[in-house]
Amino acid sequence: MREITFAEATLEAMKEEMEKDDTIFIMGEDLARQGGIFGQFKGLPEMFGTERIIDSPISETAIVGAVIGAALAGMRPIADMHFADFMGITMDEIFNQMAKIRYMFGGQTIVPMVIRAPDGLIRSGAAQHSQSIEAWFNGIPGIKVVAPSNPADAKGLLKAAIQSDDPVIFFENKDLYRQSGEVPEDENLIVPIGKAKVVKEGNDVTIVSYSIMMKKALEASEILEKEGYSVEVVDLITLSPFDEETVIESVKKTHRLLIAHEAVKRGGLGGEIAAVIAEKAIDYLDAPIIRVGAKFTPVPFSPTLENAYRPKTIDIVNGIKSMF
Amino acid sequence: MREITFAEATLEAMKEEMEKDDTIFIMGEDLARQGGIFGQFKGLPEMFGTERIIDSPISETAIVGAVIGAALAGMRPIADMHFADFMGITMDEIFNQMAKIRYMFGGQTIVPMVIRAPDGLIRSGAAQHSQSIEAWFNGIPGIKVVAPSNPADAKGLLKAAIQSDDPVIFFENKDLYRQSGEVPEDENLIVPIGKAKVVKEGNDVTIVSYSIMMKKALEASEILEKEGYSVEVVDLITLSPFDEETVIESVKKTHRLLIAHEAVKRGGLGGEIAAVIAEKAIDYLDAPIIRVGAKFTPVPFSPTLENAYRPKTIDIVNGIKSMF
Amino acid sequence: MNKELYSQFYKTMFKIRTFEKRIEEFSMKGEVPGFVHLYIGEEAIATGVCANLTKNDYIQSTHRGHGHTIAKGAKVDKMMAELFGKRTGYCKGKGGSMHIADFSVGMLGANGIVGGGFTLATGAALAEKIKGTNNVSVVFFGDGASNRGTFHEALNMASVWKLPVVFVCENNEWASTTPYLTTTSVKDISDRAVGYGIPGVIVDGNDVEKVYEESAKAIERARKGEGPSIVEMKTYRIKGHFVGDPEMYRTKDEVKERFELTDPIRRFKEKVLLEGVLSENEINKMEEEIIKEIDDAVKFAMESPFPSEEELFEDLYVD
Amino acid sequence: MNKELYSQFYKTMFKIRTFEKRIEEFSMKGEVPGFVHLYIGEEAIATGVCANLTKNDYIQSTHRGHGHTIAKGAKVDKMMAELFGKRTGYCKGKGGSMHIADFSVGMLGANGIVGGGFTLATGAALAEKIKGTNNVSVVFFGDGASNRGTFHEALNMASVWKLPVVFVCENNEWASTTPYLTTTSVKDISDRAVGYGIPGVIVDGNDVEKVYEESAKAIERARKGEGPSIVEMKTYRIKGHFVGDPEMYRTKDEVKERFELTDPIRRFKEKVLLEGVLSENEINKMEEEIIKEIDDAVKFAMESPFPSEEELFEDLYVD
Ligand SMILES: Cc1ncc(C[n+]2csc(CCOP(=O)(O)OP(=O)(O)O)c2C)c(N)n1
Ligand SMILES: Cc1ncc(C[n+]2csc(CCOP(=O)(O)OP(=O)(O)O)c2C)c(N)n1
Ligand SMILES: [Mg+2]
Ligand SMILES: [Mg+2]
């Protein structure tokens, strides 16, 4: 199968959807002349014009607010956040408007929109350009949150997000953009929102992960397999509301669970997953539930500190070994 | 001992601290002429003048931003959020500035400030005036988060927050303001940040709770005691970073854990607590860890729906019974 | 003078006033739950502005939204039921006073977040521009709301892209307990239009004819693709900020004096009677009909059932 | 003409330029990690403004903050070390280019959040007002940043309370890849001053004398308790938005032409030589000294150790 990058996969998704549906438009900073800060919108301005690929002022509040308003007026817009770190600026629009409009108005409208949010560490991006904040949205009813870990899922999931009548936040790790992978040449490729995927089967322990950490989860599983552990790896894909069933099924089989994400361990999504298992499947557990995540500090600038901050493959390996 | 209300207790705390330290000032909406929307600043404008009790424009971003800037310039300000629900507006200032300034500038400065945030359900306050969002801040290093459950703690904790050189978010449940309780007449009353309190000892099960839910936790414990269960109740007091030791000690004794908060169960702080126990004390557990929280919807307006949404004493009782 | 238009003005204003008085009564009694902000004394604004709009145009409202909702053409029975928290209300009891909406007439919602509507209205206008219609979007906002950052971001965006959105300021001199001049850097909020290179006008917001005429110009400009405007309606908040407000921050006399001078309904009635556009009889008939309509709405609301607990989970997600 | 002042202008501008050129070189080589935004071509602004400030005054800077930091009096060795990620840097390697700060000279920090500084600077000014000093606070911001809501909230607040804060706009015509007129509702950002009832002036930002004089007026006004101003410095971003920017959005010729016309250092040098304020010799000596200072700083930075992994947890909480 052909290989394309993660960024290209998202480009294809947008292009295919925009060709079919002219209510889709994209708004964000530096789209028109640069194709987005990571090139993930390249070519679209030429293809669809700057009426549909809109360069906005540095007004994150207005970007998300306007996209919500446009969705209420019948469009299916996409907003680009530039860096997920800037979502704090527009948190009111996200949680008090976008997430609640359908519900608090008694179902009078849909709010079909996607927020694309590039997140995660990037070489020395430092405190305000490196964060993973997906856990914030987990307790906010009315939003769906997804985070693909590879090009094929990126394409199928972005298409699903665009087609969804519910508002979707699409976290995409900045380090994934250039990674290549097989993506079927299928205009109808859809990765359903709400479903996790068992990407590797195993019997002794389950690793639940997502986004960029999937790479380390798989690396760790290979290391561990060589040492005789049979590791199952689940890619969460949809972070909120997450697919409890798939995780529970896996834990019932393996009896051990490690959750890994790049976000700070404390307060991360791992807490929710661990809690669900500790409530619904504790009797199946043969070991503590271990969470691997970044250290509890802002992201430091210096490479040595950034490296100390970052969660690593070895943390997963050691975490799992400690369970036996 | 004399009894005063929760609101009065916070008033005393501010008054006592402001008399000692003239770098303390308070900024928020509707302070000067109304003494705050819940009367929790009443009398202060008369006592300290409107140079220190400052009525701000409806500019939440600027309220928090200015308070941060003032802290950098040597003051110890307090910001009032009116409703915790409005913190989304100022989330960037909270998480990208306030929480990170000390760390990312290598410890060059302190950021001594308090954000007072009235949260929780209030009769039919509906979707945008009833929320409990404390879990957002749990994954943000550099902030301390506290939430007293009674007048004495409110006073001691607010004094500790004002005296702290770290930024503190002080969540205060709106329904608690009018509740009375004993408060010692002690100018040096301090409730230390970072320590949980075992408010009722027991052997069969631990309830961890905080803020308004403490009342229901204690109600539930009484009901359960009558039926023969010995219940330990822990008031978390500091939500982030929370006192793991006290919770772990209690669970090691009782072997059962239920966590109760008014915030939505999914994505709530309960997840973090459950995860810590599932990682560090799972071997002591004789039952699933149960979380009690609000339903996964925005807060509905109608009394019948609000009632369905709200977590109840009976949920705690039933949760605990299901463990045996 | 256009008799039909003037009758409409009177009916709408009187309907809002009557609605609000009943709501005040039920809110005091605790039968209407939650926070309630009344529009009494400001009826001319919503009435005059919305008289220029069709159902295909949008409005974004505020926490003080009953007047806008009625003026945009919503039904008072479904409104009343919503405010009572009943399942027959516009939002099935999920919204209440601060979250009333009627999407079928282009009323995109009241908002409990002050200043929350600026960017949403701008986005709705952007949608219409992309679609190529000549529909417009109007956002109502208070003097207090004009100090939110959203005001600035929305106005800049709307101006650069010449979006069909009109910013209608209801300057009632108060933001809750705070006199606007103590927190607002300009006496006339319309002065801020200079920073966006757009027109900003001042209107007597208690004169429904003036409101109608001046907002017509701004709306027309927007329809023609010439971009946004600020229309500042000078008015005064007659009632407490919310029902139950002890109003310690101003004297009863101040309020009484201002109301006597400015009451838009009384002024309009005197004028049309004097000029013979409408007769005493005609006005009485209108009033009776409206009182009956509101009475029926109250009855409908009171007799309607509360939502059942199972309805809690409805309308959250589509999929 | 004041020889000492003019020498200071030249030294500061030349120091910034030299610093930035070395940083550009090391950033290209990957020895300076992270995002780096250069101040080349805008040196006159920080230099002229900060010449009016003492160490007790504050500045809030931007992502493009090296020039402000140097002009406010920070040491280039500790700056260089920070940019290299070394433990001897101002922030012990935790900050880097976008988070450089020197609190000992009142430089309260660069900011990775565009428009993040407006409200902080306003708060610092409020603190000085409450304390009763006559210190002022200056916030630098770009044309792009002027469209953030924080701009509006801070200006309104500063104006109502007459706070000693000066808003210095560095209008370099570009926000990243975006020409400012495509996203900004006014040609002159200083026009927005009208909406806050404060002075707004336009200055040739590449003329250090003009920058000095005009900012002096605004700073003086602030010191006297008369409130804030907007001072708009017209300049041009000569370099790519960040080191490594492919600059697909404009032509090399455009940039070259603008630089030749506007380079503030070349212009100033020609002028002081022509008018005989400084001699060729004096200037050469200054340049040599500065080049040596920067060389030493580079050496210091390169020889300094990286922070150790244990330092990760330092400086998070006080208690
Ligand atoms: C973002 C936000 N801040 C504060 C409040 C609390 N609040 C509700 S209404 C109000 C005053 C609004 O004043 P204005 O905009 O002038 O409207 P008016 O009430 O006068 O119609 C305030 C402060 C809120 N609901 N939302
Ligand atoms: C809130 C926020 N939005 C977007 C960005 C990304 N960004 C960094 S610099 C920049 C352009 C800033 O333009 P301007 O304010 O004119 O400053 P200049 O770079 O021209 O000095 C952008 C969009 C950011 N860092 N912060
Ligand atoms: Mg008002
Ligand atoms: Mg610029």
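Chain A is the first sequence line, chain B the second, and so forth, proteins listed ahead of strands; every chain is numbered from 1.
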Distance-only criterion, 3.5 Å: which donor-acceptor pairs connect chain B and chain C?
unit_1, atom_1, unit_2, atom_2, d
B:Asp30, OD1, C:Thr177, N, 3.0
B:Asp30, OD1, C:Thr177, OG1, 2.6
B:Asp30, OD1, C:Thr178, OG1, 2.8
B:Asp30, OD2, C:Ser176, OG, 3.3
B:Ser59, OG, C:Asn147, O, 2.8
B:Gln128, OE1, C:Gly112, N, 2.7
B:Gln128, OE1, C:Ile113, N, 3.3
B:Gln128, NE2, C:Asn111, OD1, 3.4
B:Phe301, N, C:Lys94, O, 3.2
B:Ser302, N, C:Gly93, O, 2.9
B:Ser302, OG, C:Gly85, O, 2.5
B:Thr304, OG1, C:Pro307, O, 2.8

[X]: which residues meet the side-chain contact (heavy atoms from CB on, under 4.5 Å) condition with it, sequence neighbours left out?
X        : answer
B:Ala66  : B:Met27, D:Met157
B:Ala260 : B:Ser209, B:Met213, B:Leu258, B:Val292, B:Ile316
B:Glu12  : B:Arg2, B:Ile4, B:Glu16, B:Lys155

Counting only heavy atoms closer than 4.5 Å, note whether C:Leu316 contacts chain B via side chain, backbone, both or neither.
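For C:Leu316, the contact with chain B is made by the side chain alone.
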
With rounding to the nearest 0.5 Å, note down the distance linking CG in B:Leu305 to CZ in C:Phe306.
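Reported to 0.5 Å precision, the distance equals 10.0 Å.
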
Should we count CE of C:Met28 as having more than 12 external heavy atoms under 6.0 Å?
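Not more than 12 within 6.0 Å, no.
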
Any non-hydrogen side-chain atom of C:Pro33 less than 4.5 Å from a side-chain atom of B:Phe301?
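A side-chain contact under 4.5 Å exists here.
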
Heavy-atom contact with chain C under 4.5 Å, split by part of [X]:
X        : answer
B:Leu31  : neither
B:Ile37  : neither
B:Phe296 : both

Criterion side chain to side chain contact (heavy atoms under 4.5 Å, CB included) on B:Phe86 and C:Val114, from CA distance to verdict
CA-CA 10 Å; B:Phe86 307 155; C:Val114 169; over 6 Å; no

Specify the closest pair of heavy atoms between B:Ala126 and C:Gly95, including all atoms of both residues, with the distance to one decimal.
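Heavy-atom minimum between the residues: CB-O, 3.8 Å.
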
Could you pull out the closest heavy-atom pair between B:Ile58 and C:Ala175, with the gap in Å?
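Looking at all heavy atoms of both residues, the shortest contact is CD1-CB, 4.0 Å.
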
Determine the option with the most heavy-atom pairs under 4.5 angstrom with chain B, choosing from C:Ala145, C:Gly34, C:Gly89.
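Counting heavy-atom pairs under 4.5 Å, the top option is C:Gly34.
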
